[in-house]
Amino acid sequence: MAEAVLIAAQSGRALAEAARRAGMRPFVADLFGDSDTLALSKAYRPLPGRFGSPMAFDATLAAIDALADTAGSVVGLVLGSGFEDARDLMARIAERHRLIGAAAPAVAALKDPFALAALCARLDIPHPKIATDARPDPSGWLLKRAGGSGGSHIRPAVRGPAPDAHYFQARVEGRPHALNFLADGRAIQTLAVTEQWCAPSPIRPYRYGGAVTGAATEAPLLPNALITTVAEAVESIVAATGLRGLGSADFLADASGWWLTEINPRPGATLDILDRRSTPLLMAHIAASLGAMPALGAQPADAAAAQICYAGREHAPVPDFAWPDHVRDRPRPGTVVRRDAPLCTVFAHGADRQTALDSLNTRTMRLQADLTAEKMHPEETLR
């Protein structure tokens, strides 16, 4: 029988799909319970709460314990997004279950903004200044929530000191990228450098939109020397913190240089577009977490892109229709998706980066049009 793996995250679908690609049986707890998540999961438990809010302590523990009882013997527990600011919860989980990936101390070192800033200063890694006291000129600063993810927590800085559990980060120039890597606690293998973009809303100007990775034969967007420098910096952070498993380093880069902004010590939003090598990435994640760096296989030949489709209006309830094959995170019929909340994820491939992006934008616009038509004509399904 295929090995079982526990998964807990705000959204567990991508990890469940990665588990299936690795030939494993996923037992999943998450906030959404999307249709494809349920179809992929051997067993499922819902988690209370809202996307972007702290994970419920007792309910999360109970859900994971229940899945473990159902699964029996398991490889371990993989945590996705939502635990970056829940280090006490992570520590309690680790007392009961074998964590695959970053340990609680590594997450604490990397997601405490002042600990990361101090580490970057010690390792001579460019990192924007941070503060909590009132800024003389707030226009040059951003307000972030410690341990936040997905960009929805980032705002322009306000006058006065930063609220509790928040901090100011100096604005710096550059386009957003991420170095996606696999770590074994000492060294890293670079999976890809992805380009990212925002999907701003009126109150969330830096909300995560999507990412694209280029084709194997395509020239990188950034100079090779810069990519090497970023990779060496990330490897020094891994060696200092003992980080293991899949992760990503968010950075801004332009002609004048680069700035590290965040380390995400977990499989991230780009898992879907990167998990296309001969070695399934969840299998690699498990191996690296145990200290053995696996061979990953060649980079995929084509480019891939994905973006979150946010609800342009409230869907209450979500109608029952056939989603296109290139859509994931499909909400269950009858559930409610609020306006501006994540509705689904759209994917596209192409011979190169621009072709993949063009296809992605076409598919997203078609989906939004079909969703509008579905409201007017519920007897029709998406084409």
Side-chain angles (χ1 to χ4, degrees), residues 2-12 14-30 55 60 64 67-68 71-84 86-87 89-111 149 178-192 231 234-249 262-272 274-297:
E3 291 184 295
V5 62
L6 305 177
I7 293 168
Q10 290 187 114
S11 174
L15 284 168
E17 195 163 330
R20 289 293 184 181
R21 183 168 186 263
M24 306 180 76
R25 295 179 295 128
F27 292 74
V28 181
D30 81 353
M55 305 294 278
T60 301
I64 294 171
L67 287 172
S73 176
V74 298
V75 172
L77 168 64
V78 178
L79 298 178
S81 65
F83 292 87
E84 293 88 344
R87 281 152 257 167
L89 175 57
M90 277 192 68
R92 181 69 65 85
I93 291 171
E95 294 173 359
R96 306 187 190 197
H97 306 280
R98 180 193 197 183
L99 285 184
I100 300 295
V107 174
L110 294 169
K111 300 311 292 184
S149 62
L179 184 127
N180 302 269
F181 61 86
L182 181 69
D184 65 359
R186 302 175 300 276
I188 69 167
Q189 287 191 68
T190 298
L191 298 172
V234 172
E235 190 164 72
S236 68
I237 290 174
V238 165
T241 61
L243 176 62
R244 296 188 179 196
L246 292 167
S248 60
E262 306 280 350
I263 297 286
N264 301 302
R266 56 172 173 80
T270 53
L271 179 60
D272 289 296
L274 298 180
D275 191 14
R276 300 181 298 129
R277 296 177 183 241
S278 58
T279 299
L281 286 188
L282 194 68
M283 189 179 296
H285 181 62
I286 293 170
S289 297
L290 299 177
M293 187 73 87
L296 294 173

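For Ala269, the side chain to side chain contact (heavy atoms under 4.5 Å, CB included) criterion is met by Tyr208, not counting sequence neighbours.
Contact detail for Ala2 and Gly23: the closest heavy-atom pair is CB-O, 3.1 Å. Summarising the geometry of Asp272 relative to Ala14, their closest heavy-atom pair is OD2-CB, 3.6 Å, with the distance given to 0.1 Å. Nearest heavy atoms, Ala4 versus Phe27: CB-CE1, 3.5 Å. When all heavy atoms of Ala18 and Leu282 are compared, the pair lying nearest together is O-CB, 4.0 Å. Between Met55 and Gln10, the shortest heavy-atom distance links the atoms SD-CG, 4.0 Å. Shortest non-hydrogen contact noted between Pro26 and Ala16 is CG-O, 3.8 Å.
Rounding to the nearest 0.5 Å places CG of Leu182 at 10.0 Å from OG1 of Thr190. Taken from OG1 in Thr241 to CD1 in Ile263, the straight-line distance is 8.0 Å, to the nearest 0.5 Å.
Inter-residue side-chain proximity for Leu110 and Leu243 is flagged as met; some heavy-atom pair is nearer than 4.5 Å. Side-chain contact check for Arg186 versus Met293: every heavy-atom pair is 4.5 Å or farther apart. When side chains are defined from C-beta on, Ile286 counts as touching Met24, because their heavy atoms get closer than 4.5 Å. Looking only at side-chain heavy atoms (C-beta outward), Leu179 and Ile188 come within less than 4.5 Å of each other. Val234 has its side chain within reach of Phe181: a pair of non-hydrogen atoms, C-beta onward, lies under 4.5 Å apart. Side-chain contact between Ile7 and Leu79 is absent, with no heavy-atom pair separated by less than 4.5 Å. Side-chain contact check for Leu191 versus Arg277: some heavy-atom pair is nearer than 4.5 Å.
The main-chain N or O of Ser11 is never found under 3.5 Å from a side-chain atom of Asp30 such that the two would form a donor-acceptor pair. Within the 3.5 Å criterion, the main-chain N or O of Arg87 finds no donor-acceptor partner in the side chain of Lys111. In this structure, Thr279 contributes its side chain and Ala295 its backbone to a donor-acceptor pair below 3.5 Å. Without hydrogens or angle criteria, Gln189 side chain to Pro294 main chain gives a donor-acceptor distance under 3.5 Å. Using modelled atom types, no side-chain atom of Asn264 and backbone atom of Arg266 make a donor-acceptor pair closer than 3.5 Å.
Asn180 and Thr270 share a side-chain donor-acceptor pair at under 3.5 Å.
Within the structure, no pair that satisfies the salt bridge (Lys or Arg N to Asp or Glu O under 4.0 Å) test touches residues 234-248, not counting sequence neighbours.
Across Leu6, Leu15, Leu246, a single residue satisfies side-chain contact (heavy atoms from CB on, under 4.5 Å) together with Val78, and that is Leu15.
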Donor-acceptor contacts under 3.5 Å from residues 89-109 side chains, at least two apart:
{"from": "Arg96", "atom 1": "NH1", "to": "Asp65", "atom 2": "OD2", "distance (Å)": "2.4"}
{"from": "His97", "atom 1": "NE2", "to": "Asp65", "atom 2": "OD1", "distance (Å)": "2.7"}
{"from": "Arg98", "atom 1": "NH1", "to": "Val75", "atom 2": "O", "distance (Å)": "3.3"}

